[in-house]
Amino acid sequence: MNPVVAGITYRALLGRRRIILLLLLPLALIGLAVLFRVLGGNDQKMAVDLMQNFAIGTMLPLLGVITGTGVIAPEIDDGTIIHLMSKPISRPVIAQTKFLVAVSLMALFGAVPTYFAAWLLIGNEDGIAPGFALGALVAGVAYAAVFLLLGVVTRHAVTIGIIYALVWESVVGGFMPGAHKFSIQRWAESIADQISDSGFLRADVALSFAVPALIVVTVVGVFWAGRRLRVFSLTGDE
């Protein structure tokens, strides 16, 4: 990890405009948890449904789009990436550093609010809160790698990322049984299911598939992003 690259990336991503985008979804999740708690909906089924449908199913992939593409795509679009790549810094190191920045933000704005929202509803009952928090963390790592790669290979990363997050993860992966095995959301639920004893949480994907899939997606995404940066022309052409 290169501290100079990390510092530049944090300052760019945590600017006034982007920090608002990063805060909106976690605040909405916590707000829903508070609302359900006040209205007496603090039961396990309600907590699991909120975690599956909003925290893991909606908030996490959208945060992945914001952080994963945000650590590099804007620099490619405005050409400032050229100045960074002209420095004596390995391009794979640039990609790896930006990936770690995205992961740290996914943990802060994704995994932590997920735990807190579930805890507000039912505490640590049956391991639901820590289970979904861990699922959100590992899924956030995979999303960071996928959307980082997307930010490197296309100038339409945000548009494609949003389509992926809303169509594939939320619709196709949610309603087509064959697509379950290729959904990061379902892999996260598999992790959560191993930690939680709740009868309302039943993963569709076996842990023996989910864990290797998460590792492969993460490693391939970061490695390929670094490779793409290696062949990225200093004139700004891909």
Side-chain angles (χ1 to χ4, degrees), residues 10 13-14 18-68 70 100-147 165-166 169-170 173-174 180 183-207 210-211 213-214 218:
Y10 275 122
L13 199 55
L14 296 178
R18 291 194 179 97
I19 192 65
I20 293 175
L21 292 175
L22 287 170
L23 285 170
L24 282 177
L25 289 166
L27 289 176
L29 172 63
I30 294 172
L32 286 171
V34 171
L35 178 63
F36 293 157
R37 178 81 183 190
V38 170
L39 296 178
N42 54 320
D43 57 75
Q44 282 197 14
K45 186 177 187 307
M46 178 65 71
V48 170
D49 286 345
L50 181 62
M51 294 303 103
Q52 286 183 312
N53 297 325
F54 189 84
I56 302 294
T58 302
M59 180 188 76
L60 206 62
L62 289 177
L63 284 175
V65 174
I66 296 170
T67 59
L100 291 175
V101 169
V103 167
S104 68
L105 295 177
M106 289 295 290
L108 178 62
F109 293 100
V112 172
T114 296
Y115 175 85
F116 187 56
W119 180 84
L120 280 174
L121 284 172
I122 54 172
N124 286 321
E125 186 176 321
D126 282 344
I128 291 175
F132 274 104
L134 180 59
L137 179 62
V138 296
V141 172
Y143 279 129
V146 169
F147 293 121
L166 297 180
E169 289 286 353
S170 299
H180 286 175
S183 167
I184 295 176
Q185 172 188 344
R186 300 298 173 178
W187 302 341
E189 290 175 3
S190 180
I191 300 292
D193 188 30
Q194 296 301 308
I195 305 298
S196 172
D197 296 322
S198 174
F200 296 104
L201 175 58
R202 286 292 178 266
D204 297 321
V205 180
L207 187 70
V211 171
L214 285 163
T218 301

Should we say atom CZ of Phe54 is surrounded by more than 12 heavy atoms from elsewhere, each under 6.0 Å from it?
yes
Interatomic distance, Asp49 atom CG to Leu201 atom CG [nearest 0.5 angstrom]:
10.5 Å
Of all heavy-atom pairs linking Gln52 and Gln185, the shortest is O-NE2, 3.7 Å
Please report the interatomic distance OH(Tyr143) to CG(Leu214), rounded to the nearest 0.5 Å.
10.0 Å
For Ala139 versus Ala188, what's the shortest heavy-atom pair and its separation?
CB-CB, 3.6 Å
Could you pull out the closest heavy-atom pair between Ala136 and Ala111, with the gap in Å?
CB-CA, 3.9 Å
Nearest-0.5 Å distance that lies between atom CD1 in Ile122 and atom CD1 in Ile128
3.5 Å
Side-chain donor or acceptor of Ser196 paired with backbone N/O of Asp126 under 3.5 Å
yes
Could you tell me whether a side-chain N or O of Thr67 sits under 3.5 Å from a main-chain N or O of Leu63, the two making a donor and an acceptor?
yes
Minimum heavy-atom separation for Val48 and Ser198, please, with both atom names.
CG2-OG, 4.0 Å
If you measure from CG on Asp43 to CD on Glu125, what distance do you get to the nearest 0.5 Å?
9.0 Å
Verdict with reasoning, Leu29 to Phe116, per side-chain contact (heavy atoms from CB on, under 4.5 Å):
CA-CA 9 Å; Leu29 172 63; Phe116 187 56; over 6 Å; no
Specify the closest pair of heavy atoms between Gly131 and Ile195, including all atoms of both residues, with the distance to one decimal.
CA-CB, 3.5 Å
Look at the side chain of Ser190 and the backbone N and O of Asp204, then say whether any donor-acceptor pair between them is shorter than 3.5 Å.
no
Enter the distance from Leu60:CG to Phe132:CZ here, rounded to the nearest 0.5 Å.
11.5 Å
Measuring from atom CE of Met106 to atom CG of Leu137, what distance do you get when rounded to the nearest 0.5 angstrom?
9.5 Å
Could you report the tightest heavy-atom contact between Ala165 and Leu62, atom names first, then the distance?
CB-CD2, 4.1 Å
Which is it for Asp193 and Leu207 under the side-chain contact (heavy atoms from CB on, under 4.5 Å) test, yes or no, and what are the steps along the way?
CA-CA 9 Å; Asp193 188 30; Leu207 187 70; over 6 Å; no
